[in-house]
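Just below is one structure, and these are the notes that go with it.
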Amino acid sequence: MSPWLIILSLGSAAVLLAGALTKKFWPAFFGLSAVATVGISVLAPSYRWWLPGGAQSPMGTEIDDLFYMILIITTVTYIAVHVVLITALIKFSGKPGVKASFSHGSHALEVVWTIVPAAILLFISLYQIDVWMRFRNFATFNRHSRENPVAEVTARQFEWRIRYPAPGKKLMQKPQPDDLYTVNDLHVPFGEPVVIQLRSEDVLHSFFLPHLRIKQDAVPGAIIPVQFQANFEGEQELVCAELCGWGHYKMRGQLTAQRKSEFDKYLRDLQARQSDDGVSGGRAAAVVTQATPKAENHP
Amino acid sequence: MNRSRQFFGTVAVLVGVALCGGCAKSPEPKFVLAKSTEEIVPVRIGDEKTAVNPVEAALHENFGTPNSLVAWELFPLDYGKAEDDLDHPERGTEGWKLLHGRNLYMQHCVHCHGTSGDGAGPTAKFLNPRPRDYRLGKFKFKSTAGAIRPSREDLRTTLEHGIPGTSMPSFVLLKDDLEPIIEYVRFLSMRGEYEFRLYKGIQGILGRKVLAKGGSVPAEAPEEARAEFNDGWKDTLEQVSTDLAEAWTTADAPESIINPREATILDDAKVLADPKPRGSVKFSGETLPADRRVKLDHKEGQYWAVKSLKDEELGFVHHESLEARTGIDPKTGKPTEKSLKRGRELYYSQAVACFKCHGYGGRGDGPSTEDFWEVGNDSPLFQYAGQKYEVRGLHDDWDNHLEPRNLIRGVYRGGRRPIDLYRKVFAGINGAKMPGFSTSLTNDSDLWDLVNFVTTLPYDQSILQGPLPDPSVQPPAAPVNPQASN
Amino acid sequence: MSTHAPADTAHAHDDHDSHGHAAHDSHGHGHELSFFQKYVFSTDHKVIGIQFLITTLLMLMVGGALALGVRWQLAYRFSTMPIVGQLVFANEGGQISPEFYTMLFTMHATVMIFLVIIPILAGAFGNFLIPLMIGADDMAFPTLNMLSYWFMWPAIFFFGLSFFVEGGASSGGWTNYPPLSAIRAAAPGSQDGQTLWLIGVTFIGVSSMMGSVNYMTTIINMRAPGMTLFRMPMTIWAMFITAILQAFALPVLTAAGFMILADRTIGTCFFIPGGLTVNNTPTTVGGGQALLWQHLFWFYSHPAVYIMLLPAMGMVSDMLSCFSRKPLFGYKPMVYSIAAIAGLGFIVWGHHMFISGMNPALGMTFMISTMMIALPSAVKTFNWLGTMWGGNIQFTTPMINSIAFVSMFVVGGLSGIFMAAVPVDIYIHDTYFIVAHFHYVLFGATLFGCFGAIHYWFPKMWGRMMNETAGKIHFVISFIAFNFTFFPMHFLGAAGMPRRLADPYNYPYLEHLLPLNQFMTWSAIVMGFAQFILLANFFLSIKYGKRVGRNPWNANGLEWTAPSPPGHGNFDILPVVYRGPYEYATPNLDVDYFPQTQYVPVEQRVNVAHGH
């Protein structure tokens, strides 16, 4: 229990008591609720009731910035509205024999409070468009990563099935005999934009990387390319964010971002493991082909 | 004032009623008894005054309840000895691993596999295929031969990879928590098998009739009959537990694992692939000095030219020795034409007869899926052994309807590595109707040809076409179209 | 209550029409009605309204119980759940199964939306208030009105039944996105439970449609003399526009419902793409489009969000004006705002689908239209503040609930801006941030508005007051518990906790949210039990409440000139309307209210007519 919480609750009790004694209980009550709302929001990050750390992708950082921009605008609005509300409640709480002012409104005020919010809202929406287009518009993706998707991620009840192309090959839409398969553990090289092809085998799922602020529904019948760039080396959560059935909560995955060289090694190890036939510790030919000499060495 | 009192009085009563409803004693999870066990009428064991269900009593004594587990030292079970581990203080108690396993099981597994591992959790009846019932001690996907129990490593593989094409998801991210879960699954499996074996034991002593409700009650039987039962029961208990302990010990023995029969010969390709060979290596039966790295050079008639990297010497290896083993062309990494052809031949042969279940087009719709099959001796419905199921098609040992795998889809439940498929072809699938061919196909290359054929099918269905090898094997009148969508 | 002289006159006037002989008074409806005709299959709009009200209040408790089940699982995942766990899941030690959790939240939303919020607004208050407030003696189509109520019961029956069929109740979330809801094998609840859900919703749809046709006709045709459109109270405007919204949006949902029903039963594939393998059943064939449902569903359900809000806005406007004893600030801008919300409400549905993979250009246009719909909401908020400013505020139970409405609506409205902004929505979509947002709007705003409205119009329904102390205690507990329950959901959302997870702590990055969730659960439990105060207050006041006259609040609306409770045919004499409903605090009257029906001699009119 933080001292702030104790101060907050004691303060609340005091305010309510004072309100009740001065016959201003309801203004005190609503005022307190507004103050408490702002107060707890200020405290929240210290309990980690907040964004799970700073965004770990460039796009995530931009999204965070936009989030904070809206947060500032809305907080100011919230406080302003409540200051007016509470002031009205205090100032105009009912007194016997007093008559309210007789007014049906003000044209000027209506115009002001229509145009100002309209301008702010329009600004917010126009300001967001750029990031949105870069997130979703395929044409804006990095050309190299767009043409060389790292993997195909197929969501199914209740796991992420991942298909990589064999090292040195391109990901084909149809499965290839030498494709590499894993489940729930998506490896990507870090520090560069990567594209995955998102599919679903059964129902709707959603590919959610909370720490990268990336989310995209996996829609059955569609292949959706998703671009992201991991700015970290290590592991982060991969979450399913769209209800996909009884085991929705089981659909936990992991994104592992590695150096390019480690990623390549990971794929090679995967290939060796997957071609294990118990005879040669890796399907003989797959490895041997690399050692095949040129024809001029003929004796 | 009176009015207010009425309001608040009523509210208090309503709230009170609701709270009482909510705070009733919380139920404990319990191990459900098998139907057959429930049939047994109580008997007096030894000098006990009251009659009990002997199987239930033995289960309770040796395995406890989910909230108070009993770990029986007799069984090869790593229930977790108390450790002095400062990093993991929860390991300080005796049996921590089993308890931890139970907690994880109750969180991750119980919905499908049920509290007692009977594959009948609340979600189970909706799943396709049904979740595994551990109580028979049978597991389909494992590396051990025949009816041998799965090794811990096998259970781990299943947990890590999930079972594609079923509702078993991957739990790979549980990492360190997998070990306790594996132990608990083994515990449940042992408990279940113990229960069924005891039933059969008691059946052996008393005969089926006495067991059924309404038969003569041994509790009221004359002294000598009781003494006879008690002796037999004691032997049964001892016999069953020893058998089980042995069975589960065997599971983890290295020799229980199926390896390709020629794997003991050091494989030439392995030498070729090894970038840093240490000491002397054997190559094609010849011992080479360690610094002599070798690689394949080119094919020459029946032979591969092998070149030593050290002094550029050329040697020759018999062509067949590399290819014949796994039917893989070392140059392309793909199965050879010959291997696929042979695989197809076996697929459609009367001796191996894959087509009977997996179908003429490999879609798992062979003629045997149209037959009525009999209840087996080992199924939970063993009381009805010999009678036919009401539903057409194959049934597994858990009495679930069973569909032969559609080989076109490229979904391999037991793993997609060549070795996994080899093991299936070698030993069959325990509990399912898939037989093993280790005795009928004594040559490993035949098994590999089948594996190659099966692994190629999803990508190239043209290999199904051609004249059928055995004239007695004829596809149904309706043509099978291998190009149809899968 | 304020002590204004005419209140006494109202009392005196009132003595001879207590509710005993209300059902057959002097309007020529002389024939006796049987008990069934009078109270069960009644065609009287007031009885139907009260039937709706009581039904929805009971359903509120059902929906609340389901919500507590959800909350319990989130606080004590997979541990013994009281009652349900003990009864149904005894073998597992009382822990519910994950699919039961999905049914809990699906049916919670279904009950709350289709059986509580929509019927309490349109069904209960719409029915009760429309004829009274526009000066009509009943609805235009009384039988249709009766049917509209009784069509709700098959829905309740089917929703209830669905818990007991194989597989259990619908479990695809109230949005029921296919293929999860279209393919039987996809989830336990997608078996017969889903079919029953669709049938139930269809019944609700028919019920709403009958109501909506009725309201439109009544409001257009049956207004009392002098009740011009711009003299109608905000409640009636809101009901009117809501009815229009319903009439245009509902057919789409009903059609979509039949399409998905066809997908499920007769093998069509509107929503099922080919090549899916669901629960390892044979691969689906067909070329349906899963997103089509989302478009159709939200084409109804986004306007439905306003169906669930606008009437409450109207009622709150009336209450705020009455208890500020001051004319409503900006009557016409308020009306235009409602109309604007309704109009824009039809072109914003795509904001539910920002991350569904639809064309990015659509995302942009929907973002702009969604941002713009915040504008009329903001205008309304400012006008409510303007109404209170300079008033003589009386903190009655209806008033404090209305103030709560404004305050909570601001929170819900502002949090909406986050998700209207597409890039931010990428992150917060399908997280608890959304859950916080719509609970602030639907509970914080709408339900508190309804609580206020129940207290406000109760005297008109029964001729008795509800207990003020109990009302205030109920409000204080509900308000605090409500904020404790739902405000932290913003934080959960910000921390990236997705909705609809039976066990969020399966994800290590959410583990630290467990204590917060437990706190929220206990707040929710307190909030749930606090509603017993409302129920007790409501039902006991019917019998024991303080008797009052026609106009206990000294309000202006036409309904307050009718007897309490109004008899069959509502008014003693046909009311004639002389002005708008918000003429409080007129400077040249002794009292601070000025009923719409009160005739003012010509020489006095000059001073007051510049209003409406």
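Chain identifiers are assigned alphabetically (A, B, ...) following the order of the sequence lines, protein sequences preceding nucleic acid strands; residue numbering begins at 1 within each chain. We use all heavy atoms of the structure for the numbers below, so side chains are in, but hydrogens, waters and symmetry mates are not.
Within residues 99-109 of chain B, the residues having any heavy atom under 4.5 Å from a heavy atom of chain C are, by residue number, M106(B), Q107(B), H108(B). Using non-hydrogen atoms only and a strict 4.5 Å limit, the part of residues 126-136 of chain B facing chain C consists of F126(B), L127(B), N128(B), P129(B).
If you measure heavy-atom distances from S79(C) to chain B, you find no contacts under 4.5 Å at all. Heavy atoms closer than 4.5 Å to chain B are found nowhere in A65(C), neither backbone nor side chain. At a 4.5 Å heavy-atom cutoff, the contact between F89(C) and chain B is made by side-chain atoms alone.
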Give the intermediate values and the outcome of ring-ring contact (aromatic ring centres under 6.0 Å, His included) for residues F63(B) and F187(B).
CA-CA 8 Å; F63(B) 294 90; F187(B) 170 84; 5.5 Å; yes
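Each of N280(C), V84(C), N506(C), V88(C) has some count of heavy-atom pairs under 4.5 Å with chain B, and the biggest count is that of N280(C). The most heavy-atom pairs under 4.5 Å with chain C, out of L173(B), V110(B), T166(B), V32(B), come from T166(B). Options P98(C), P508(C), A90(C) differ in how many heavy-atom pairs under 4.5 Å they form with chain B, and the most are formed by P98(C). Chain B forms more heavy-atom pairs under 4.5 Å with one residue of G168(C), A187(C), G94(C) than with any other, namely A187(C). Interface remark: of the candidates P282(C), P188(C), G85(C), G275(C), P188(C) forms the most heavy-atom pairs closer than 4.5 Å to chain B.
Contact detail for L74(C) and L514(C): the closest heavy-atom pair is O-CD1, 3.9 Å.
Between F78(C) and H111(B), the distance separating the two ring centers is shorter than 6.0 angstrom. Between F482(C) and F479(C), a ring centre-to-centre spacing not shorter than 6.0 Å is recorded.
Around NZ of K543(C), the count of heavy atoms belonging to other residues, nucleotides or ligands within 6.0 Å does not exceed 12. Annotation for E403(B): atom CD does not count as buried by contact number, only 12 or fewer foreign heavy atoms lying within 6.0 Å. By the 6.0 Å contact criterion, CZ on F539(C) is enclosed, its count of non-hydrogen atoms from other residues, nucleotides or ligands being greater than 12.
Under 3.5 Å, the side chains of S171(C) and E99(C) contain no donor-acceptor pair of N or O atoms. Side-chain polar atoms of N517(C) and R71(C) form a donor-acceptor pair below 3.5 angstrom. Side-chain polar atoms of Q531(C) and S478(C) form a donor-acceptor pair below 3.5 angstrom. For the residue pair T397(C) and E468(C), a side-chain donor N or O sits within less than 3.5 Å of a side-chain acceptor on the partner. Counted by atom type alone, T369(B) and D365(B) present zero donor-acceptor pairs between their side chains at under 3.5 Å.
When F451(C), F458(C), Y544(C) are each tested for a ring-ring contact (aromatic ring centres under 6.0 Å, His included) with F538(C), only one passes: F458(C).
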